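In this text the structure is predicted, and so the values were computed from the model without any measurement. Numbers restart at 1 for each chain; the letters A, B, ... are given by sequence-line order, proteins then strands.
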Amino acid sequence: MTEHEQMQEQIRAGLLEGLIQTVIQVFETMAWSRITYQGEQPRKHFVLASQTCGLIGIRGARDGLVGVALDRHLGLEIVSRITGLPVPNIELEDLADGIAELANMICGGMKAKAGIHGLDLTPPLAVIGQDATVHWKTAHPVRELTFMLDRDIIRVLVSI
Amino acid sequence: MRVLIVDDSSVMRKIVSRGLRQAGFKIDEILEAGDGQKGLATQAQKKCDLILSDWNMPNMDGLTFVKELRKSGDKTPIVMVTTEGGEGKVAEAVQSGANGHIKKPFTPDTLRSTLGQFFK
Ligand SMILES: [Mg+2]
């Protein structure tokens, strides 16, 4: 491994560790939801296999993409918990805005925890639909981190 | 006591507004604005006692909002609500006239300890 590769590996590991911690922290502090980390698996493609997703690009010291994906009913429930709005009152716009802000807080926290300078985050993008495949030009493999909230799965896709 | 929340995300405005109430502050009215420009217009009309502002917003971002408000001679305390703890950014905002910052995600406790000094 060259020195550059070693440094990149350090950044990658730091971001991943920060990401896992932050996902748990954001759900706990903003949505009073205790979630547990289940582990990670390699994925061939960046497919958001849930209906409510927030995406954020990373640029600078390391390039990458992070996606937070929840099933629609869980997305509605989480947005309801963080805003105080009852589920039936949540419009599509609130759902998209809520999942985008969730992704934003998670990636901001990841960056702060990893303590890496020269890393820029893009504004969040919300994807509401089913099985969106995201094409993203980075050389990094895709991993899927899974978390559980009771019986629901929270998927965090990451190419970093 | 009147509070102005400036954020382009309506969900985030609700989160902040709810957090303020949960923190137990005595607030008469919470006003909202979707960007810096609207924030300036609302503040000119309503003269709030405390302003909480987001950083990234369309039309006018949080930093420009702080600068413009101070340029107009308005000395109302402004606290930035940011996702990242970018120290450089915070320093720049403080230099431009912001009075503090809160990092998202936050708890009602964080709001209480950071904002308590601004409530009479
Ligand atoms: Mg914003």
Side-chain angles (χ1 to χ4, degrees), chain A residues 15 18 21-33 52 54 56 58 60 66 75-76 78-86 89-126, chain B residues 5-25 27 30 32-36 52-64 80-93 101-115:
Chain A
L15 286 172
Q21 288 176 20
T22 308
V23 171
I24 295 170
Q25 192 199 346
V26 167
F27 275 86
E28 203 166 299
T29 52
M30 302 312 283
W32 304 279
S33 306
T52 312
I56 290 200
I58 299 162
V66 175
L76 286 167
I78 293 298
V79 173
S80 164
R81 286 191 202 179
I82 62 179
T83 58
L85 286 174
N89 294 10
I90 296 172
E91 310 272 344
L92 179 62
E93 205 186 319
D94 301 316
L95 185 62
D97 188 10
I99 188 77
E101 280 300 328
L102 200 68
N104 201 18
M105 284 191 275
I106 287 170
C107 289
M110 167 190 77
K111 182 182 156 178
K113 278 212 164 60
I116 292 158
H117 294 281
L119 202 69
D120 286 319
L121 304 178
T122 64
L125 178 77
Chain B
I5 301 171
V6 188
D7 200 308
D8 60 322
S9 156
S10 74
V11 161
M12 195 44 75
R13 296 197 298 268
K14 287 190 187 87
I15 294 173
V16 174
S17 147
R18 190 181 193 206
L20 289 174
R21 299 207 187 279
Q22 280 169 341
F25 293 124
I27 299 171
I30 295 179
E32 298 183 10
D35 62 47
L52 302 179
S53 177
D54 181 23
W55 197 278
N56 296 313
M57 293 179 286
N59 299 324
M60 186 188 284
D61 67 14
L63 186 60
T64 315
M80 306 302 291
V81 184
T82 63
T83 356
E84 302 160 33
E87 278 68 32
K89 273 180 151 191
V90 172
E92 199 184 351
H101 100 285
I102 294 169
K103 227 164 55 175
K104 294 181 263 190
F106 49 76
T107 60
D109 281 341
T110 318
L111 293 181
R112 215 173 291 131
S113 60
T114 317
L115 301 177

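Pairing each heavy atom of A:D94 with each of B:V11, the nearest pair is O-CG2, 3.4 Å. Across every non-hydrogen atom of A:M30 and B:I15, the tightest pair is CE-CG2, 3.3 Å. Shortest non-hydrogen contact noted between B:P105 and A:T29 is CB-OG1, 3.3 Å.
Here the straight-line distance linking atom CD1 of A:I106 with atom OG1 of B:T83 works out to 12.0 Å at 0.5 Å rounding. Note: A:T122 OG1 to B:N56 CG = 10.5 Å, rounded to the nearest 0.5 Å. Residue A:I82 holds its CD1 atom at 6.5 Å from CE of B:M12, rounded to the nearest 0.5 Å. To the nearest 0.5 angstrom, A:E28 atom CD is 11.0 Å from B:T107 atom OG1.
Chain B forms the most heavy-atom pairs under 4.5 Å with one residue out of A:N104, A:T83, A:V26, A:D97, and that residue is A:D97.
In this structure, the portions of B:S10 lying under 4.5 Å from any heavy atom of chain A include both its backbone and its side chain. Using a 4.5 Å cut-off between heavy atoms, A:L85 contacts chain B through its side chain alone, with no backbone atom that close.
Sparse packing is recorded around CD of A:E93, with 12 or fewer heavy atoms of other residues, nucleotides or ligands lying under 6.0 Å away.
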